[in-house]
**Student:** 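One structure follows; several queries about it will come next.
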Amino acid sequence: MKIDVLTLFPEMFSAITECSITGRAADNGILDIRLTNIRDFSEDKHRRADDSPFGGGVGMVMTADPVFRALEAVGASGKRILYMSPRGRMLDYAGVLELSLETEIVVLCGHYEGVDERILEYWGMEEISIGDYILTGGELAAMVMIDAVARMISGVLGDRQSAGEESIYSGLLEHPQYTKPREYRGMQVPEVLVGGNHELIRLWKFEQSLVLTKKNRPDLFERFAGGCGGLSKKERKILEKVMEMT
């Protein structure tokens with residue numbers, strides 16, 4: 001997948017272009033993340049790309065011309081262009097999976113109080129949000145989106161199925177995890193995990209996921225409980241037990 005990112009702060013993206021899973025995917029040619037500095041397309045002698053808003057108000061707004069020029073330079077016309085914005089459609093699993101099927105996307109990172117609305121209208125941009133809160137700029141939101149999308153692309157993770165089985169993607173939150181040592185400061189690893197019975201381990205993990213989901217995300221729990229027609233008899237019993245817990 002080719003991802004063109006237009007930003008005022010390209011240096012921030014070293015976190016995903018040089019590190020961890022996304023960095024390795026870029027090294028292996030699975031991801032092609034290209035960073036474009038919008039300031040390079042400003043005709044202002046100080047490379048400014050912002051100005052005060054018409055109608056008054058606090059803060060500054062990114063100006064149209066350098067963004068237009070940057071979009072033209074990366075050949076954005078006809079491509080799927082995303083603008084990271086708190087007023088956009090909330091990014092969820094379905095959206096992440098949909099984006100992972102694209103071969104090319106263009107991502108615009110806003111800053112300050114946002115961008116001139118004519119940029120969004122002319123280029124037909126999709127506005128994407130990662131949550132109901134405000135960040136200083138779109139760079140962090142873009143990195144979150146790219147990381148989430150990259151994990152769904154074949155070859156990025158070692159196990160193709162592991163992305164879909166993780167935490168919230170299964171419909172439940174992830175069960176507790178433990179590693180060595182077996183005892184630490186008087187705290188023990190649950191006996192079932194070291195007993196060697198794989199079926200009991202699987203059922204224990206399922207129950208723990210149910211308990212945690214009910215406690216921390218009751219909305220997800222209710223959705224799962226209402227649409228879980230494929231459970232085994234043992235799993236159904238566990239679900240009924242957890243549903244009765246207060």
Side-chain angles (χ1 to χ4, degrees), residues 15-16 19-22 84-100 127-136 138-153 156-246:
I16 62 169
C19 305
S20 191
I21 290 171
T22 49
M84 309 311 299
S85 165
R87 73 183 192 183
R89 173 172 61 95
M90 195 74 72
L91 185 68
D92 57 10
Y93 172 64
V96 167
L97 185 59
E98 177 191 333
L99 287 173
S100 73
E127 298 186 60
I128 301 291
S129 171
I130 63 166
D132 292 330
Y133 46 84
I134 305 299
L135 299 171
T136 303
E139 285 77 15
L140 289 174
M143 284 187 272
V144 168
M145 181 187 70
I146 291 169
D147 185 88
V149 169
R151 296 174 66 85
M152 303 304 294
I153 298 173
V156 172
L157 297 180
D159 181 354
R160 176 64 177 137
Q161 290 186 317
S162 62
E165 292 174 353
E166 282 184 288
S167 186
I168 202 168
Y169 292 161
S170 68
L172 296 171
L173 302 184
E174 192 172 38
H175 56 79
Q177 299 278 11
Y178 299 88
T179 186
K180 297 175 182 178
R182 185 168 171 178
E183 184 275 334
Y184 181 72
R185 297 195 179 190
M187 296 178 286
Q188 301 284 342
V189 172
E191 188 65 29
V192 64
L193 296 180
V194 295
N197 188 318
H198 296 295
E199 176 62 6
L200 288 180
I201 291 172
R202 185 186 69 80
L203 292 173
W204 179 89
K205 289 180 177 180
F206 176 64
E207 181 173 356
Q208 293 301 307
S209 287
L210 287 170
V211 170
L212 284 172
T213 304
K214 184 178 181 183
K215 176 184 176 183
N216 297 336
R217 289 290 304 274
D219 57 321
L220 292 180
F221 181 83
E222 290 179 14
R223 189 184 310 163
F224 181 86
C228 55
L231 296 183
S232 67
K233 288 184 179 180
K234 290 181 179 179
E235 290 169 336
R236 174 63 63 179
K237 275 191 167 183
I238 292 172
L239 174 60
E240 290 171 355
K241 181 179 76 172
V242 175
M243 290 175 70
E244 293 173 358
M245 293 179 178
T246 57

**Student:** For the residue pair F221 and M243, establish whether any side-chain heavy-atom pair is separated by less than 4.5 Å.
**Tutor:** yes
**Student:** For a 4.5 angstrom cut-off between non-hydrogen side-chain atoms, does Y133 reach P86?
**Tutor:** no
**Student:** Can you see which heavy atom on A141 is nearest to which on M84, and at what distance?
**Tutor:** O-CE, 3.7 Å
**Student:** Determine, step by step, whether I128 and S85 satisfy the side-chain contact (heavy atoms from CB on, under 4.5 Å) criterion, reporting the C-alpha distance in whole Å, the side-chain angles of both residues, the deciding distance to 0.1 Å, and the verdict.
**Tutor:** CA-CA 6 Å; I128 301 291; S85 165; over 6 Å; no
**Student:** Are the side chains of I238 and E235 in touch, meaning some heavy atoms are under 4.5 Å apart?
**Tutor:** no
**Student:** Please name the pair of heavy atoms, one in P176 and one in L212, separated by the smallest distance, quoted to 0.1 Å.
**Tutor:** CD-CD1, 3.9 Å
**Student:** Between M152 and Y93, is any pair of side-chain heavy atoms under 4.5 Å apart?
**Tutor:** yes
**Student:** Give the C-alpha distance, both sets of side-chain angles, the deciding distance and a yes or no for side-chain contact (heavy atoms from CB on, under 4.5 Å) between L99 and L91.
**Tutor:** CA-CA 10 Å; L99 287 173; L91 185 68; 4.3 Å; yes
**Student:** Whether the side chain of S209 engages the backbone of H175 through a donor-acceptor N/O pair (distance < 3.5 Å, no angle test) should be reported.
**Tutor:** yes
**Student:** Quick one, K237 with E240, criterion salt bridge (Lys or Arg N to Asp or Glu O under 4.0 Å). Give me CA distance, side-chain angles, the key distance, then yes/no.
**Tutor:** CA-CA 5 Å; K237 275 191 167 183; E240 290 171 355; over 6 Å; no
**Student:** A side-chain contact here means heavy atoms from C-beta on lying under 4.5 Å apart; do L172 and F206 qualify?
**Tutor:** yes
**Student:** Evaluate the salt bridge (Lys or Arg N to Asp or Glu O under 4.0 Å) criterion for residues K234 and E207: first the C-alpha distance (whole Å), next the side-chain angles of each, then the deciding distance (0.1 Å), finally the verdict.
**Tutor:** CA-CA 10 Å; K234 290 181 179 179; E207 181 173 356; over 6 Å; no
**Student:** Decide yes or no for E191 and R182: does some side-chain heavy atom of the first lie under 4.5 Å from some side-chain heavy atom of the second?
**Tutor:** yes
**Student:** Check whether more than 12 heavy atoms from other residues, nucleotides or ligands sit under 6.0 Å from atom OH of Y178, and answer yes or no.
**Tutor:** yes
**Student:** Taking all atoms of both residues into account, what is the closest heavy-atom pair of L135 and L140, and its distance?
**Tutor:** CD1-CB, 4.1 Å
**Student:** Quick one: do R89 and E127 make a salt bridge, cutoff under 4.0 Å?
**Tutor:** no
**Student:** Which pair of non-hydrogen atoms, one from V96 and one from A148, has the smallest distance, and what is that distance?
**Tutor:** CG1-O, 3.3 Å
**Student:** Quick check: do L210 and K214 have side-chain heavy atoms less than 4.5 Å from each other?
**Tutor:** no
**Student:** For the backbone of M90 and the side chain of S129, can you confirm whether one donor and one acceptor N or O come within less than 3.5 Å of each other?
**Tutor:** no
**Student:** Which heavy atom of A150 sits nearest to which heavy atom of T22, and what is that distance?
**Tutor:** CB-CG2, 3.9 Å
**Student:** On a heavy-atom basis, which atom in R151 and which in L157 lie closest, and how many Å separate them?
**Tutor:** O-CD1, 3.5 Å
**Student:** Where do M143 and I146 land on the side-chain contact (heavy atoms from CB on, under 4.5 Å) test, with the steps shown first?
**Tutor:** CA-CA 5 Å; M143 284 187 272; I146 291 169; 5.7 Å; no
**Student:** Less than 4.5 Å apart, any side-chain heavy atom of N197 and any of V192?
**Tutor:** no
